[in-house]
Novice: 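Below you will find the structure I want to go over with you.
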Amino acid sequence: MIKIIDIDELFDKYISDYVYKNIGKVKPEEIENRIPELYVEFGDKSLKDLDGKTPNTFYKDYSGEELLECLKGHLNKGVAVSDFLCEAITGNKKNEDALCKELKQDNDEEFTLYLMNMLSDMNSEKAADRYLEFVLWDYSEVIRELATELLCGFAERVKEKILAQFKDVEESKKVNLTEILSNCKNDDRVFDILVAEFMKHQENIPVYAGYLSKFGDERAIPFLTVAIEKEKISYADFEELRFAIETLGGEYTKERDFSADKTYKRIKNVKNEKLIN
């Protein structure tokens, strides 16, 4: 079993020793600027608390499973997780399978987030199906949002699974699936969903117009134009729609009067103040 050691605390002591030895020699701001450099130096220091090993070598000879148990131990005991531990895990491609295996278990939120972020650091797509479960099943919002963010990076990998069940998914989670699909390309089925969701959610134009803009299909311009032509549209929604239209290669030049809009007046006042100053 790997010892649970607060290496960040050891680094704090290392910094304190450095400050003590350099009183009157180095200015406080110079010490602050040197912290990244000192951290690198610290990584190669042999430390008694680490059985004579350095922070860079302390975790070197352990398996992925052992390192993950150590990480879990840190979290359970409230001991800070150092970059050295995380880098020992993510720096070895062989640990990818151990991370994916652990991610399949129902762990607590904090440990799950660590696993997801470390897989992301490794540019791994192996847990894509698990991420989709995090989106579709009853996991916490923070896990669902991170899973959505990660899946946006390799949306094509889960596209078919999303399309197969999109219509049966509860409405509160469709926004996550729509965001993921907006990162796909050249698929009429995806385009139809993005347009349908945009038309259905006119109360949230910035988000859904953004999805159409990201997807990049100019066929969305007529739908965006219908929305921007609405008489009672807010200035904020107008700007989002105009941006989406222009992003897709279109243009909207019609003059509109937003003098009564609170957001418009606030922005105009800020601009006037800058001109005066």
Novice: Looking only at side-chain N and O atoms, does Y235 offer a donor or acceptor that is under 3.5 Å from a partner on E239?
Specialist: yes
Novice: Measure from the ring center of F258 to the ring center of F238 and say whether it is less than 6.0 Å.
Specialist: yes
Novice: Atom NZ of residue position K27 - does it have more than 12 heavy atoms of other residues, nucleotides or ligands inside 6.0 Å?
Specialist: no
Novice: I'd like to check the side-chain contact (heavy atoms from CB on, under 4.5 Å) partners of A196; sequence neighbours left out, ordered by chain and number.
Specialist: none
Novice: How would you list all residue pairs meeting ring pair (Phe, Tyr, Trp, His ring centres under 6.0 Å) that involve residues 129-149, not counting sequence neighbours?
Specialist: F134-Y139
Novice: Does a side chain donor of either E179 or T148 reach within less than 3.5 Å of an acceptor in the other side chain?
Specialist: no
Novice: Holding to side-chain contact (heavy atoms from CB on, under 4.5 Å), I want the full list of residues that pass it with K126, two or more places apart in sequence or in another chain.
Specialist: E96, D97, C100, S124
Novice: So, does S213 use its side chain to make a donor-acceptor pair with the main chain of A209 at under 3.5 Å?
Specialist: no
Novice: Taking only residues two or more places apart in sequence, or in another chain, which ones meet K254 in a side chain to side chain donor-acceptor pair (under 3.5 Å)?
Specialist: E229
Novice: Test of understanding: clusters of I, L, V, M, F, W, Y form through side-chain heavy atoms closer than 4.5 Å, transitively. Do L75 and I4 belong to the same one?
Specialist: no
Novice: Any pair with a residue in residues 149-205 that passes ring pair (Phe, Tyr, Trp, His ring centres under 6.0 Å), sequence neighbours left out, goes on the list, sorted by first then second residue, please.
Specialist: H201-Y208
Novice: More than 12 foreign heavy atoms under 6.0 Å from CD of Q165: is that the case here?
Specialist: yes
Novice: Minimum heavy-atom separation for G64 to N95, with atom names?
Specialist: CA-OD1, 3.1 Å
Novice: For the backbone of D8 and the side chain of S82, can you confirm whether one donor and one acceptor N or O come within less than 3.5 Å of each other?
Specialist: no
Novice: Using atom types as modelled, flag every donor-acceptor pair under 3.5 Å from a side chain in residues 36-45 to any protein atom, sequence neighbours excluded.
Specialist:
residue: E37; atom: OE1; partner: R34; partner atom: NE; Å: 3.3
residue: E37; atom: OE2; partner: R34; partner atom: NH2; Å: 2.8
residue: E41; atom: OE2; partner: R34; partner atom: NH2; Å: 3.0
residue: D44; atom: OD1; partner: N56; partner atom: ND2; Å: 2.9

Novice: Same cluster for V195 and V226 if Ile/Leu/Val/Met/Phe/Trp/Tyr side chains link at under 4.5 Å?
Specialist: no
Novice: Using only atom types and a distance under 3.5 Å, with no angle test, would you say the side chain of R189 pairs donor to acceptor with the backbone of L163?
Specialist: no
Novice: Donor-acceptor check, side chain of R256 to backbone of I228, threshold 3.5 angstrom: yes or no?
Specialist: yes
Novice: Salt-bridged, D188 to R219, with N to O below 4.0 Å?
Specialist: yes
Novice: Is the backbone N or O of K60 less than 3.5 Å from a side-chain atom of T57, with the two atoms forming a donor-acceptor pair by type?
Specialist: no
Novice: Can you check whether N183's main-chain N or O pairs, donor with acceptor, with K214's side chain at less than 3.5 Å?
Specialist: no
Novice: Okay, side chain of N92, backbone of K94: is any donor-acceptor separation there less than 3.5 Å?
Specialist: yes
Novice: Any side-chain heavy atom of D237 sitting closer than 4.5 Å to one from K230?
Specialist: no
Novice: Check this for me: K185, atom NZ, are more than 12 non-hydrogen atoms of other residues, nucleotides or ligands nearer than 6.0 Å?
Specialist: yes
